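Here is the structure we will look at.
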Amino acid sequence: MDNYDKARKVLQSTALSKIAQQTGISIGQIWHYRDRHEGIEKAPEAYVKKIASLYRNKRY
């Protein structure tokens, strides 16, 4: 599973405010990546890595 897959899972199952607090990415940007079709693929790689890093803290 790559960082994009992990980031998608986190975006689908974690509150936006929690992701924003833990990554430093604005809630607006996170919402954009979650709610737009293929939005996470257009995110900067650094953002994808930050969001994907939260995957390890969750059980999927």
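What you are looking at is a predicted structure, and each value in this text was computed from that prediction instead of being measured.
Here Tyr4 contributes atom OH and Glu45 contributes atom CD; the two are 5.5 Å apart, rounded to the nearest 0.5 Å.
Checked against salt bridge (Lys or Arg N to Asp or Glu O under 4.0 Å), Arg8 has the following partners two or more places apart in sequence or in another chain: Asp5, Glu41.
You'll find the side chain of Leu11 reaches within 4.5 Å of the side chain of Ile51, heavy atoms only.
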(request) Output, in order, the C-alpha distance, side-chain angles, deciding distance and verdict of side chain to side chain contact (heavy atoms under 4.5 Å, CB included) for Arg36 and Lys42. (result) CA-CA 10 Å; Arg36 300 263 178 154; Lys42 297 182 187 223; over 6 Å; no

Hey, can you pull the donor-acceptor pairs under 3.5 Å for the side chains in residues 23-31, sequence neighbours left out?
{"from": "Thr23", "atom 1": "OG1", "to": "Ile19", "atom 2": "O", "distance (Å)": "2.7"}
{"from": "Thr23", "atom 1": "OG1", "to": "Ile25", "atom 2": "N", "distance (Å)": "3.2"}
{"from": "Ser26", "atom 1": "OG", "to": "Gln29", "atom 2": "N", "distance (Å)": "3.2"}
{"from": "Gln29", "atom 1": "NE2", "to": "Tyr33", "atom 2": "OH", "distance (Å)": "2.7"}
{"from": "Trp31", "atom 1": "NE1", "to": "Asp35", "atom 2": "OD2", "distance (Å)": "2.3"}

